[in-house]
Amino acid sequence: MVCSVSICAGEIFELKAELNSDKKEKKKEAVKKVIASMTVGKDVSALFPDVVNCMQTDNLELKKLVYLYLMNYAKSQPDMAIMAVNTFVKDCEDANPLIRALAVRTMGCIRVDKITEYLCEPLRKCLKDEDPYVRKTAAVCVAKLHDINAQLVEDQGFLDTLKDLISDSNPMVVANAVAALSEIAESHPNSNLLDLNPQSINKLLTALNECTEWGQIFILDCLANYTPRDDRESQSICERVTPRLSHANSAVVLSAVKVLMKFMEMLPKDLDYYGTLLKKLAPPLVTLLSAEPELQYVALRNINLIVQKRPEILKHEMKVFFVKYNDPIYVKLEKLDIMIRLASQANIAQVLAELKEYATEVDVDFVRKAVRAIGRCAIKVEQSAERCVSTLLDLIQTKVNYVVQEAIVVIKDIFRKYPNKYESVIATLCENLDSLDEPEARAAMIWIVGEYAERIDNADELLESFLEGFHDESTQVQLQLLTAIVKLFLKKPTETQELVQQVLSLATQDSDNPDLRDRGYIYWRLLSTDPVAAKEVVLAEKPLISEETDLIEPTLLEELICHIGTLASVYHKPPSAFVEGSRGVMHKRLPARTGSGESTESPDVGTAAGGSAPEAAPSIIPSQGDLLGDLLNLDMAPPTTSGPPPPTTGMQMGGMDLLGGGLDSLVGISHSVDPYAATPAAPAVMPASLNAPVGGGLGDLFDLGGGVGMPMGAYIPPKIVWLPAMKAKGLEISGTFARRAGVIQMELILTNKAMSVMTDFAIQFNRNSFGLAPAGPLQVLTPLGPNQTIEVSLPLSTVGPVMKMDPLNNLQVAVKNNIDVFYFSCQYPISMLFVEDGKMERQLFLATWKDIPNDNESQFQIKDCHLNSDAASSKLQGSNIFTIAKRTVEGQDMLYMSIKLSNGIWVLAELKVQAGNPNYTKCRKEGWIRITSVTAERSVGMEWG
């Protein structure tokens, strides 16, 4: 017998005959057999044309079966699937709404590009069908079609139709339209598909009461993405969402909690309704804990987030988190965690009694967690510390090995939180020294002995007993033992000299662990060169440990609160951490409270036209206003060759301006040496003496020291060493920045001072104030041999990611080669950012200059400049500093200048030059203007105007 892959030819023949039978019942039974074979994984694709012929029937059951077959095999038989298109189109106009809906649903599920274009017209009709069942089915079909061909959906106007369905009279149509738009919006985070406003929100809230439970979830999730205009609107929405808290479906409850947690941020805390809402949130959360264990776990993970954000919601509900004997371990551990978060002075006695009981359980992991929880209670609730220590001592007396070890670990933390308070228990701890076999417990005990060596008579004997098996210990114990013995030596030097030499020898000469070896060498050198310094370092007062070391970081917590009821709230990770691709990576934040008079983080972020406030930018990204403020105070001293950056005094910062050391550095006027500035790399001509003046800030843009016949064009500072060879395994990097033909260049000199060949060079910048980033790869085309030098020019763009740096012109760079990755920072001259189209239109300049109040004016003197005004103007233009106007008043030339930075910020300045007087006066004013250019209207910061 000849058989196909999974079904014999004879069976195929029989089915084919039955499918082409004239009898309807026989035909229906044949299709059922085909579906049954398909369900168990048999290949029945050979019957495709015969099954498709069965589509033309009035029998709804048969039609459903055929459609099911089509959805499964259309992808593997796209040419055959087109045969069914006419039937689909015909069924979309059937008198029976169930058949119309079935046809449009099936067409949406057939993911074949050739069919999608035929789907558009039937789908358009079904979206406006008189029957709500057909409309709600068509709404979901739009989302499916968008996933196959997004451009087609946009071109056909289906998105606008979907938006119209939000105003539909049927609540299920509204819910499905919201679900479809939300699905599409997730794959296009920057689109404003769900243009929510108070009117549309009112429609959604009306539909919320009448649609099915899953429809309610879609609507609630949509509401959670809306930002109310004020606290009054926020309260109104909360009042209408609160009834959902009593729903039987736990998903609806969690979605409602998410909406309320978000909108509560906008309610003033002194509002009566705020307190009422807190009370209403507790019962539904408690009810969730009566479900099956899997649902309990999901609820507990969400409650963990809620308790971290608003512990007052469940502060009176401690008992519901007490562990039951038949709870699975994952539920027990989660309950334990929440108990600690809710622990307070009011309920600590109850909590401790419960935890002590848990410590006698048979589940080892749970017992460990319970003992550790007692320690966390002591650290969190200071008034309970003594009672907690007493409880731990009782547990140590049980002599259960793992209980004793866990208790010693947490007592160490209690000692760190409350120094010189509970050291009387050390004797009891030392009695159990021999029973410790776990690294963490041994390390904790060693720390206690070393820290309180002066109180333990036989501390040297105890530590020596650990030293006997030093090489068999874990790294954690070895490091702790090394530090403890050094502490002991510093406290009892005469008695322990031999012991400290022994441990230092073991750590440095007999160990292969680099961490241990390095710490040993540091201690050895400290002790041998300066014992007083060693004492200050090793025996320094330690900071107290924090109350809660495992709290989620506030920004992440805010985002997770916005994802309550999703996987993100179970994993306690943002969606971007586990969702691949573009979906789900849009970061959400809680709205700022407006009703209580508290200042918000971004007071100037208004509500968008649609009513939904735009997401506030992270605070690390500077706005133009932030940059302007820092530009005024930018300290542009010459970059250092090595070592840490010089300390910056308030006087230095106050006296500096955007252009570095004042406009004098632009025109190359000399200053006396800045005592805080490191010496720059040697220029072509060195000063005659140490007291000779050097250029500052942006460098000698005028190069006045060179006399007459100076080269024109933008000034390029001399190259300096950015990365010394000793810090980069033999690679030395020198460099500077230049602007040529409108392109910023990073000019590098790479020198190999190592004995091996260097290859595979690459470069990367950290985020910086002006978005500087490499415009291409670092072109080092040949291997760099020992003692070889190569010059490389790297073009830069200004479209990289932005983050405000300190100082503003700081650039952090990573360079990689075949040996390692090396990091250094340098400072680029701000003049590199002056763009060529920085000449402002004269009338606009003069009008703006007059508009800025005199209160914003300040003046600076520039001394010993021997250029006349025309020469100064010409020289400055080489660096894209343009003279807009010139006038002469009482023998003084007044130059009005404009500069434009690469990020669109404008700088306006006035320079006063008097013939025969080598001193210039620079005037600046500060303000904001709005300029309309040919391309766009942007907010332009005008400084020094």
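Here, residue 1 is the first one in the sequence, and each next residue gets the next number.
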Q: Got a list of side-chain donor-acceptor pairs under 3.5 Å for residues 208-215, not counting sequence neighbours?
A:
unit_1 : atom_1 : unit_2 : atom_2 : d
Asn209 : OD1    : Arg244 : NH2    : 3.2
Thr212 : OG1    : Gly215 : N      : 3.3
Glu213 : OE1    : Asn249 : ND2    : 3.3

Q: Between the side chain of Glu292 and the main-chain N/O of Glu294, is any donor-acceptor distance below 3.5 Å?
A: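 The answer is no, because no donor-acceptor pair under 3.5 Å joins these two groups.
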Q: Working to the nearest 0.5 Å, report the span between CE of Met264 and CG of Leu281.
A: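 With rounding to 0.5 Å, CE (Met264) is 6.0 Å from CG (Leu281).
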Q: Within the structure provided, determine whether Met339 and Phe322 are in side-chain contact (heavy-atom separation under 4.5 Å).
A: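 A side-chain contact under 4.5 Å exists here.
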Q: Less than 4.0 Å between a side-chain N and a carboxylate O, is that true for Asp129 and Lys125?
A: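 Looking at Asp129 together with Lys125, the answer is no, because their closest N to O distance does not fall below 4.0 Å.
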Q: State, yes or no, whether a side-chain contact exists between His563 and Lys258 at a heavy-atom distance under 4.5 Å.
A: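 No, side chains not in contact.
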Q: Looking at Gly771, is its backbone amide N or carbonyl O close enough to the side chain of Asn903 to form a donor-acceptor pair, meaning the two atoms are under 3.5 Å apart?
A: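 Pair absent, no side-chain N/O of Asn903 close to backbone of Gly771.
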Q: If you take all heavy atoms of Arg767 and Met805, which pair is closest and at what distance?
A: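 Shortest heavy-atom separation between Arg767 and Met805 comes out as O-SD, 3.4 Å.
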Q: Without swapping roles, check the side chain of Asp806 against the backbone of Lys804 for a donor-acceptor pair under 3.5 Å.
A: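 Such a contact is absent between Asp806 side chain and Lys804 backbone.
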Q: Could you check if a side-chain atom of Asp231 sits within less than 4.5 angstrom of a side-chain atom of Leu271, using non-hydrogen atoms only?
A: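 Heavy-atom side-chain distance check fails, nothing below 4.5 Å.
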Q: Step by step, work out the side-chain contact (heavy atoms from CB on, under 4.5 Å) result for Val142 and Thr161.
A: CA-CA 10 Å; Val142 173; Thr161 311; over 6 Å; no
Q: Should the heavy atoms of other residues, nucleotides or ligands under 6.0 Å from CD of Gln345 be counted, would the total exceed 12?
A: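 Not more than 12 within 6.0 Å, no.
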Q: Salt bridge check, Arg301 against Asp337: does any charged N sit closer than 4.0 Å to a carboxylate O?
A: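 No salt bridge links Asp337 with Arg301.
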Q: For the pair Lys203 (side chain) and Ile166 (backbone), establish whether a donor and an acceptor sit closer than 3.5 Å, ignoring hydrogens and angles.
A: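 Side chain of Lys203 to backbone of Ile166, a donor-acceptor pair under 3.5 Å: no, none is there.
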Q: Going by side chain to side chain donor-acceptor pair (under 3.5 Å), name the residues that satisfy it together with Ser234, two or more places apart in sequence or in a different chain.
A: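 Residues passing side chain to side chain donor-acceptor pair (under 3.5 Å) with Ser234: none at all.
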Q: Is the shortest heavy-atom distance from the side chain of Leu305 to the side chain of Leu557 under 4.5 Å?
A: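 With C-beta onward as the side chain, the pair touches.
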Q: Taking atom OG of Ser167 and atom CG of Leu204, what is their separation to the nearest 0.5 Å?
A: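 Between atom OG of Ser167 and atom CG of Leu204 there are 9.0 Å.
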Q: What closest approach, in Å, do Ile564 and Leu254 show between heavy atoms, and which atom pair accounts for it?
A: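 Here Ile564 and Leu254 meet closest at CG2-O, 3.5 Å.
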Q: Kindly check if the number of other-residue, nucleotide or ligand heavy atoms within 6.0 Å of CZ (Phe263) is above 12?
A: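 Enclosed.
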Q: Search all heavy atoms of Ile313 against all heavy atoms of Ala282 and return the closest pair with its distance.
A: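 In this case the closest contact between Ile313 and Ala282 is O-CB, 3.5 Å.
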Q: Looking at every non-hydrogen atom in both residues, tell me the closest pair between Ile338 and Leu300 and how far apart they are.
A: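 Here Ile338 and Leu300 meet closest at CD1-O, 3.4 Å.
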Q: Evaluate the criterion side-chain contact (heavy atoms from CB on, under 4.5 Å) for residue pair Ser182 and Asp221; output intermediate values, then yes/no.
A: CA-CA 9 Å; Ser182 300; Asp221 287 347; over 6 Å; no
Q: Please give me the minimum heavy-atom distance between Pro284 and Leu245, naming the atom from each residue.
A: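 So the two residues come closest at CB-O, 3.3 Å.
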Q: With side chains defined as the heavy atoms from C-beta onward, is the minimum distance between Leu205 and Val241 less than 4.5 Å?
A: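 Of all side-chain heavy-atom pairs linking Val241 with Leu205, at least one is under 4.5 Å.
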Q: When you look at CD of Gln383, are more than 12 heavy atoms from neighbouring residues, nucleotides or ligands closer to it than 6.0 Å?
A: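 Yes - once you tally the heavy atoms of other residues, nucleotides and ligands closer than 6.0 Å, there are more than 12.
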Q: To the nearest 0.5 Å, tell me how far Lys163 NZ sits from Ser200 OG.
A: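 So the gap between those two atoms works out to 11.0 Å.
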Q: Can you find a side-chain donor-acceptor pair between Gln308 and Asn304 that sits under 3.5 Å?
A: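 Their side chains do contain a donor-acceptor pair, which is all the 3.5 Å distance test asks for.
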Q: Is a side-chain N or O of Asp147 found less than 3.5 angstrom from the main chain of Lys144, in a donor-acceptor match?
A: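 Absent.
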Q: Taking salt bridge (Lys or Arg N to Asp or Glu O under 4.0 Å) as the definition, give me every residue that meets it alongside Arg240, ordered by chain and number, with sequence neighbours left out.
A: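 Applying salt bridge (Lys or Arg N to Asp or Glu O under 4.0 Å) to Arg240 gives none.
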Q: Step through the shown structure and confirm whether more than 12 heavy atoms of other residues, nucleotides or ligands are within 6.0 Å of NZ on Lys573.
A: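 Not more than 12 within 6.0 Å, no.
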Q: Would you give the length of the straight line joining atom OG1 of Thr566 to atom CG of Leu560, rounded to the nearest 0.5 angstrom?
A: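 If we round to the nearest 0.5 Å, Thr566:OG1 and Leu560:CG are 8.0 Å apart.
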Q: Main chain of Leu165, side chain of Arg135: is a donor-acceptor contact present, judged purely on distance under 3.5 Å?
A: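 No, the answer is negative, given that no donor and acceptor are paired below the 3.5 Å cut-off.
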Q: For Ala224, does its backbone N or O pair with a side-chain atom of Lys262 as donor and acceptor, under 3.5 Å?
A: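 Checking the backbone N and O of Ala224 against the side chain of Lys262, a donor-acceptor pair under 3.5 Å is found.
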Q: Decide salt bridge (Lys or Arg N to Asp or Glu O under 4.0 Å) for Lys280 and Glu239; before the verdict, give the C-alpha distance in whole Å, the side-chain angles of both, and the deciding distance to 0.1 Å.
A: CA-CA 11 Å; Lys280 286 184 178 178; Glu239 287 171 350; over 6 Å; no
Q: Any side-chain to backbone donor/acceptor pair from Ser290 onto Thr287? Under 3.5 Å, distance only.
A: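 Yes: the side chain of Ser290 pairs with the backbone of Thr287.
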Q: Can you tell me if Gln350 and Glu354 form a side-chain donor-acceptor pair at under 3.5 Å?
A: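 Checked: Gln350/Glu354 side chains show no N/O donor-acceptor pair below 3.5 Å.
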Q: Within the structure provided, determine whether Cys377 and Ile348 are in side-chain contact (heavy-atom separation under 4.5 Å).
A: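 With C-beta onward as the side chain, the pair touches.
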Q: Does a side-chain heavy-atom distance below 4.5 Å link Glu233 with Pro198?
A: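 When only atoms from C-beta onward are counted, Pro198 and Glu233 do touch, with a gap below 4.5 Å.
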Q: Who pairs with Phe578 by ring pair (Phe, Tyr, Trp, His ring centres under 6.0 Å), at least two apart in sequence or on another chain?
A: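 Partners of Phe578 under the ring pair (Phe, Tyr, Trp, His ring centres under 6.0 Å) test: Tyr571.
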Q: Just by modelled atom types, is the Lys324 backbone N or O under 3.5 Å from a matching donor or acceptor in the Asp327 side chain?
A: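 Here the side-chain-to-backbone pair exists.
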Q: Quick one: pull up CG in Asp164 and CG in Leu159 and give me the separation to the nearest 0.5 Å.
A: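 Those atoms lie 11.0 Å apart.
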Q: For Asn302, does its backbone N or O pair with a side-chain atom of Ser569 as donor and acceptor, under 3.5 Å?
A: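 Checking the backbone N and O of Asn302 against the side chain of Ser569, no donor-acceptor pair under 3.5 Å is found.
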Q: For residues 138-158, pull every pair meeting ring-ring contact (aromatic ring centres under 6.0 Å, His included), keeping only residues two or more places apart or in separate chains.
A: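 Counting only pairs at least two positions apart or across chains, the ring-ring contact (aromatic ring centres under 6.0 Å, His included) contacts touching residues 138-158 are His146-His188.
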Q: Please report the closest heavy-atom contact between Thr206 and Asn202, naming both atoms and the distance.
A: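 Closest heavy-atom pair between Thr206 and Asn202: OG1-O, 2.8 Å.
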Q: Using side-chain contact (heavy atoms from CB on, under 4.5 Å), reason through Phe321 and Leu314 one step at a time and then give a plain yes or no.
A: CA-CA 10 Å; Phe321 299 107; Leu314 291 163; 4.0 Å; yes
Q: Quick one: do Glu121 and Gln156 satisfy side-chain contact (heavy atoms from CB on, under 4.5 Å)? Show the steps, please.
A: CA-CA 9 Å; Glu121 203 52 45; Gln156 294 288 334; 5.6 Å; no
Q: Ring pair (Phe, Tyr, Trp, His ring centres under 6.0 Å) with Tyr330: which residues, sequence neighbours excluded?
A: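 For Tyr330 the ring pair (Phe, Tyr, Trp, His ring centres under 6.0 Å) partners, ignoring immediate neighbours, are Tyr297.
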Q: Would you say that Leu556 contacts Pro574 through its side chain, given a criterion of any heavy-atom pair below 4.5 Å between the two side chains?
A: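 The answer is yes, as the side chains (C-beta and beyond) meet within the 4.5 Å cut-off.
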Q: Rounded at 0.5 Å granularity, tell me how far CZ in Arg341 sits from CD1 in Ile303.
A: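 Result: 13.0 Å between the selected atoms.
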Q: Would you say Asp272 has more than 12 foreign heavy atoms packed within less than 6.0 Å of its CG?
A: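 No, the 6.0 Å shell around CG holds no more than 12 heavy atoms from other groups.
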